[in-house]
There are 2 protein chains.
Amino acid sequence: MAGSRKTSQEDVHFRVLRLLEENPEMSQRDLAQAVGISVGGAHYCLNALIEKGLIKIGNFSAARDKRRYAYILTPKGIAEKSALTGRFLKRKMAEYEALKAEIDALKVELEPTMDDSAPRKQAQQK
Amino acid sequence: MAGSRKTSQEDVHFRVLRLLEENPEMSQRDLAQAVGISVGGAHYCLNALIEKGLIKIGNFSAARDKRRYAYILTPKGIAEKSALTGRFLKRKMAEYEALKAEIDALKVELEPTMDDSAPRKQAQQK
DNA sequence: AAGTGATTGCTCAACAATGAACATTGCATC
DNA sequence: GATGCAATGTTCATTGTTGAGCAATCACTT
């Protein structure tokens, strides 16, 4: 489900595309931190996006810093990002509800019903 | 952050311990589906939990089914599960808020402000 | 200039996890 | 019984990901 590699990777790709559309001059480390992956993973991801033709490498504007790149969305990348938005939002809303339910269940479990003098420490078994 | 291998694995371990405490006779496939990992991953995880001494293999009750096992929490496993609960809940609540913020941001982006006659289709760039 | 430290993109071994198989066992219908 | 079918735990090649480190470049001080 949530751990499916394909969807998880799609999430990362979408987030990276979204971030780069706003700011194409983000460094790989900034991207990694913003998305929540490792630095090597960001590099890996960017290569995949370039391979797919969704982004291309441009010139960094400030001071001709030869180290840095700018990762610019191609038209195909912009289209892909738009196409991904709906699925991403839908998935995240489902995750949101699931997370809410899990948290609530856990809270209930931690705070047993105090309204009657029920025996404590006794979890109800199925 | 969220993709950190250690925390992600801790989440899986906690969920598995929690599920097994309620029902020790769950199959690896049921566990996998409930937790959101692959079948092989469940096997992998169970081995790790046995290695840690948190669960032990017991006998399946019904019909002496030689295929199935029962995965019973050891006292150490019960303690570990309790110790993990707090951290897990705290982390999930943080994830919950982050998810909420991300969804809201995405919704705002999809539905541009309609309250004045602003030009449409024009996302505000930084 | 020269040196020092910080930051960049990048590489790589180790590990984690997947997805698809596998052998074994139980259940059912013939 | 025998035969087919579904479900179990298990294995394994492939792939994704991490974390630490690399050379190159920039900024800054001497």
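Below, chains carry the letters A, B, ... as their sequence lines are ordered, and counting in each starts from 1. Small disclaimer: the values here were computed from a predicted structure and weren't measured.
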- Message: Near DNA chain D, counting only heavy atoms under 4.0 Å, which residues of residues 46-57 of chain A show up?
- Response: none

Rounding to a whole Å, what distance do you find between [X]:[atom1] and [N]:[atom2]?
X: B:His43; N: C:dA21; atom1: NE2; atom2: P; value: 19 Å
X: A:Lys66; N: D:dA27; atom1: NZ; atom2: P; value: 12 Å
X: A:Gln33; N: C:dT8; atom1: CD; atom2: P; value: 11 Å
X: A:Tyr44; N: D:dT14; atom1: OH; atom2: C1'; value: 11 Å

- Message: Below the 4.0 Å mark, does D:dT17 have OP1 or OP2 next to a side-chain nitrogen or oxygen of A:Gln9?
- Response: yes

- Give a yes/no on whether any side-chain N or O of A:Gln28 is located under 4.0 angstrom from OP1 or OP2 of C:dT8. no

- Item | Nucleotide nearest B:Asp65 (side chain, heavy atoms from C-beta), chosen from D:dT18, C:dT25, C:dC10 | C:dT25

- If you look at every heavy atom in A:Thr74 and A:Gly53, which pair is closest and at what distance? OG1-O, 2.6 Å

- Which atom names give the shortest non-hydrogen contact between B:Leu20 and B:Leu46, and what distance separates them? CD1-CD2, 4.0 Å

Under the rule for salt bridge (Lys or Arg N to Asp or Glu O under 4.0 Å), what residues qualify as partners of [X], not counting sequence neighbours?
X: B:Glu102; value: A:Arg15
X: A:Arg68; value: none
X: B:Arg91; value: B:Glu10, B:Asp11

- Message: Check this for me: does any side-chain nitrogen of one of B:Glu109 and A:Lys81 sit under 4.0 Å from a carboxylate oxygen of the other?
- Response: yes

- Item | Contact list for residues 90-112 of chain A, test ring-ring contact (aromatic ring centres under 6.0 Å, His included), sequence neighbours left out | A:Tyr96-B:Tyr96

- Query: Does any pair with a residue in residues 68-92 of chain B pass ring-ring contact (aromatic ring centres under 6.0 Å, His included), and if so which ones, sequence neighbours excluded?
  - Reply: B:Phe14-B:Phe88

- When clusters are formed from ILVMFWY side-chain contacts under 4.5 Å, directly or step by step, what else is grouped with B:Ile72? none

- Task: Check which hydrophobic residues are tied to B:Val39 through side-chain heavy-atom contacts below 4.5 Å, counting indirect links as well, and list them.
- Result: none

- Item | Over 12 non-hydrogen atoms of neighbours within 6.0 angstrom of NZ in A:Lys56 | no

- Mark up nucleotides 2-7 of chain C, 5' to 3', with B wherever a protein heavy atom is under 4.0 angstrom from a base atom, S wherever such an atom reaches only the sugar-phosphate, and - elsewhere. -----B

All N/O contacts under 3.5 Å from nucleotides 2-5 of chain D to the protein, with atom names and distances to one decimal?
none

- Set of ring-ring contact (aromatic ring centres under 6.0 Å, His included) partners for B:Tyr44, sequence neighbours left out: none

Output a table of nitrogen or oxygen pairs between the protein and nucleotides 12-14 of chain C separated by less than 3.5 Å.
none

- Applying side chain to side chain contact (heavy atoms under 4.5 Å, CB included), run through B:Gln33 and B:Gln28 and close with a yes or a no. CA-CA 9 Å; B:Gln33 187 176 4; B:Gln28 294 187 1; over 6 Å; no

